[in-house]
K.L.:
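Following this message is one structure expressed as structure tokens.
Heavy atoms only: backbone and side chains are in, while hydrogens, waters and symmetry mates are out. None of these values were measured; they are calculated from a predicted model.
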Amino acid sequence: MSRKLVTINQVSQHVGEEVTIGAWVANKSGKGKIAFLQLRDGTAFFQAVAFKPNFIETFGEEEGTAKFDTIKRLSQETSVYVTGIVKEDERSKFGYELDVTNLEVIGESTDYPITPKEHGTDFLMDNRHLWLRSRKQMAIQQVRNAIIYATYEFFEKNGFIKFDSPILSGNAAEDSTELFETDYFGQPAFLSQSGQLYLEAGAMALGRVFDFGPVFRAEKSKTRRHLTEFWMMDAEYSFLTHEESLDLQEAYVKALIQGVIDRAPQALETLERDVELLKSYIDQPFKRVPYDEAIDLLQAHENDEDTDYEHLEHGDDFGSPHETWISNYFGVPTFVVNYPASFKAFYMKPVPGNPERVLCADLLAPEGYGEIIGGSMREDNYDALVAKMDELGMDKTEYEFYLDLRKYGSVPHGGFGIGIERMVTFVAGTKHIREAIPFPRMLHRIKP
């Protein structure tokens with residue numbers, strides 16, 4: 001007999017029909033002649049209800065009782081094929097439930113280690129391969145998927161070409177002290193911390209390009225915002241001004257938020273994320289604040305009762321508390337623009353008439369999520385870039401291909417990068433970045 005196999009997120013299309021769902025038993029309850037199964041299949045969670053008299057009526061006393069007893073004995077994470085009639089259920093957040101007519105056990109699960117009780121974070125991280133099955137973790141990964149999908153969709157609509165930069169590199173894009181070094185057939189090589197330098201070559205060839213892949217930072221940080229391996233989207237584009245670049249970045253972030261609202265509404269509901277607040281970030285223009293104005297604001301409010309950050313002078317870099325205060329002050333994602341050249345990368349173009357500041361921007365997310373985007377205009381003048389590299393004592397022979405881009409038809413160009421995990425954390429409303437990636441790599445964690 002053929003069966004109609006569907007996923008849980010498809011059941012709304014089959015009300016009144018008998019369907020079969022391949023799923024895992026997340027939990028169960030009930031007593032006497034009725035059993036409630038909480039099922040999950042990776043698309044959603046869903047309740048199935050089994051009523052003993054229905055089984056006896058269909059299969060007879062002996063077989064019906066045996067089948068119902070099998071259901072009552074199901075253990076957590078046992079895999080099953082569940083057949084039943086899809087019914088609407090206004091009491092359920094999901095809106096539907098399954099009236100079970102038959103069930104087949106596929107794979108038993110015995111002594112599943114993550115029970116409905118509370119567990120410590122270290123225990124859950126040690127069992128990350130299983131923790132991913134929980135409601136919240138599943139929802140976070142659905143948010144991540146929606147952000148990745150929206151990324152490709154946005155760049156396709158805006159004339160960008162996917163351009164894959166190498167993961168192994170012979171030079172550093174920024175601070176070489178944060179690189180993982182490896183032996184490359186007898187010569188040193190580094191795991192990429194950014195595809196930017198190679199993407200600039202792509203922008204000179206193709207106009208607008210982006211990449212998306214893993215990058216690595218050897219920074220020994222334990223904060224809730226840092227991973228040693230994470231996924232980065234970098235974009236580079238020719239012929240745009242600094243303001244046009246900020247417009248593009250703002251449109252991209254808004255597209256990501258809207259993409260999650262459209263594609264993963266149940267995930268946001270599971271995470272109890274304030275969707276109206278997310279929508280407000282789409283509806284309002286992002287704030288753009290010069291670095292020096294931001295320092296003035298911080299100094300003016302540093303003695304307020306609700307502030308908790310250290311004093312900064314002009315020329316100092318922000319810490320996380322400063323970023324949090326700035327974005328919360330304006331209540332929307334906030335670009336801080338034109339930072340001091342002294343602590344920014346060598347390739348950033350100076351502000352015209354003010355060589356101590358560069359044409360760059362960090363986008364700070366509100367609600368304490370901090371920096372999610374870093375970008376700048378790139379120095380497009382060969383002589384100016386050489387002078388900057390000489391000032392910093394850089395070995396120009398390591399960057400010959402990068403300098404060539406300024407020798408052969410250089411144009412104004414810029415770009416930005418976004419750490420996908422930081423964006424996931426922000427949109428999902430989670431507290432720690434380690435939950436925004438399937439298997440986090442942190443200072444003291446490389447397993448599972």
K.L.:
Crowded around Lys254 NZ? As in, over 12 foreign heavy atoms under 6.0 Å?
P.N.:
yes
K.L.:
Compute the centroid of each ring, for Phe401 and then for Tyr198, and state whether the two points are separated by less than 6.0 Å.
P.N.:
yes
K.L.:
Can Arg288 and Glu250 be counted as an ion pair, charged N to O under 4.0 angstrom?
P.N.:
yes
K.L.:
Is a donor from one side chain sitting under 3.5 angstrom from an acceptor on the other, for Gln258 and Asp262?
P.N.:
yes
K.L.:
Checking His322 side chain against Gly319 main chain: does a donor-acceptor pair fall under 3.5 Å?
P.N.:
yes
K.L.:
So, does Thr241 use its side chain to make a donor-acceptor pair with the main chain of Glu244 at under 3.5 Å?
P.N.:
yes
K.L.:
Check whether any side-chain N or O of Thr307 sits under 3.5 Å from a backbone N or O of Glu305 as a donor-acceptor pair, and report yes or no.
P.N.:
no
K.L.:
Hey, mind stepping through Lys4 and Glu17 against salt bridge (Lys or Arg N to Asp or Glu O under 4.0 Å) and telling me if it holds?
P.N.:
CA-CA 9 Å; Lys4 185 180 291 185; Glu17 300 176 16; 2.8 Å; yes
K.L.:
For the rings on Phe154 and Phe160, is their centre-to-centre separation under 6.0 Å?
P.N.:
no
K.L.:
Any donor-acceptor pair under 3.5 Å linking the side chain of Asp234 with the backbone of Asp211?
P.N.:
no
K.L.:
Okay, side chain of Glu421, backbone of Trp231: is any donor-acceptor separation there less than 3.5 Å?
P.N.:
yes
K.L.:
For Lys447, does its backbone N or O pair with a side-chain atom of Arg445 as donor and acceptor, under 3.5 Å?
P.N.:
yes
K.L.:
Does any donor atom in the side chain of Ser327 or Thr334 lie under 3.5 Å from an acceptor atom in the other side chain?
P.N.:
no
K.L.:
Using a strict cut-off of less than 4.0 Å between a Lys/Arg side-chain nitrogen and an Asp/Glu carboxylate oxygen, indicate whether Asp362 and Lys344 qualify as a salt bridge.
P.N.:
yes
K.L.:
Is the charged tip of Arg263 near the ring of Tyr149: under 6.0 Å from the six-membered ring centre and within 45° of its axis?
P.N.:
yes
K.L.:
Indicate yes or no: does Arg378 engage Glu236 in a salt bridge with an N to O separation below 4.0 Å.
P.N.:
yes
K.L.:
Please state whether the rings of His314 and Tyr291 are parallel, tilted or perpendicular, taking 30° and 60° as the class boundaries.
P.N.:
perpendicular
K.L.:
Taking the six-membered ring for Trp, are His129 and Phe439 closer than 6.0 Å centroid to centroid?
P.N.:
no
K.L.:
Going by heavy atoms in the side chains, are Phe190 and Leu168 under 4.5 Å from each other?
P.N.:
no
K.L.:
Start with the C-alpha distance between Tyr281 and Phe426, add both sets of side-chain angles, then the distance that settles ring pair (Phe, Tyr, Trp, His ring centres under 6.0 Å), and finish with yes or no.
P.N.:
CA-CA 12 Å; Tyr281 300 146; Phe426 166 48; 5.7 Å; yes
K.L.:
Any chance the side chains of Gln137 and Ser134 put a donor and an acceptor closer than 3.5 Å?
P.N.:
no
K.L.:
Is there a side chain to side chain contact (heavy atoms under 4.5 Å, CB included) between Gln76 and Trp24? Walk through the geometry before answering.
P.N.:
CA-CA 8 Å; Gln76 186 181 357; Trp24 292 266; over 6 Å; no
K.L.:
Closer than 3.5 angstrom, by distance alone: can the side chain of Ser410 be matched with the main-chain N or O of Asp380 as a donor-acceptor pair?
P.N.:
yes
K.L.:
Side chains of Tyr96 and Phe46: closer than 4.5 Å at any heavy-atom pair?
P.N.:
yes
K.L.:
Please name the residue in the list Tyr402, Tyr237, Tyr347 that meets the side-chain hydrogen bond (donor to acceptor under 3.5 Å, both in side chains) test with Glu200.
P.N.:
Tyr402
K.L.:
List the steps, then state whether side chain to side chain contact (heavy atoms under 4.5 Å, CB included) holds for Ile140 with Lys136.
P.N.:
CA-CA 6 Å; Ile140 293 171; Lys136 180 182 176 183; 4.1 Å; yes
K.L.:
Could you walk me through whether Met125 and Asp122 satisfy the side chain to side chain contact (heavy atoms under 4.5 Å, CB included) test, starting with their C-alpha distance in whole Å, then the side-chain angles of each, then the deciding distance to 0.1 Å, before giving a yes or no?
P.N.:
CA-CA 5 Å; Met125 292 303 299; Asp122 283 343; 5.5 Å; no
K.L.:
Are the aromatic ring centres of Tyr339 and Phe318 under 6.0 angstrom apart?
P.N.:
yes
K.L.:
Does Asp383 come within less than 4.0 Å of Arg406, counting only side-chain N to carboxylate O?
P.N.:
no
K.L.:
In terms of ring plane angle, is the pair Phe335 and Phe286 parallel, tilted or perpendicular, where the classes change at 30° and 60°?
P.N.:
tilted
K.L.:
Counting only N and O atoms by type, is there a donor-acceptor contact under 3.5 Å from the side chain of Lys28 to the main-chain atoms of Leu74?
P.N.:
yes
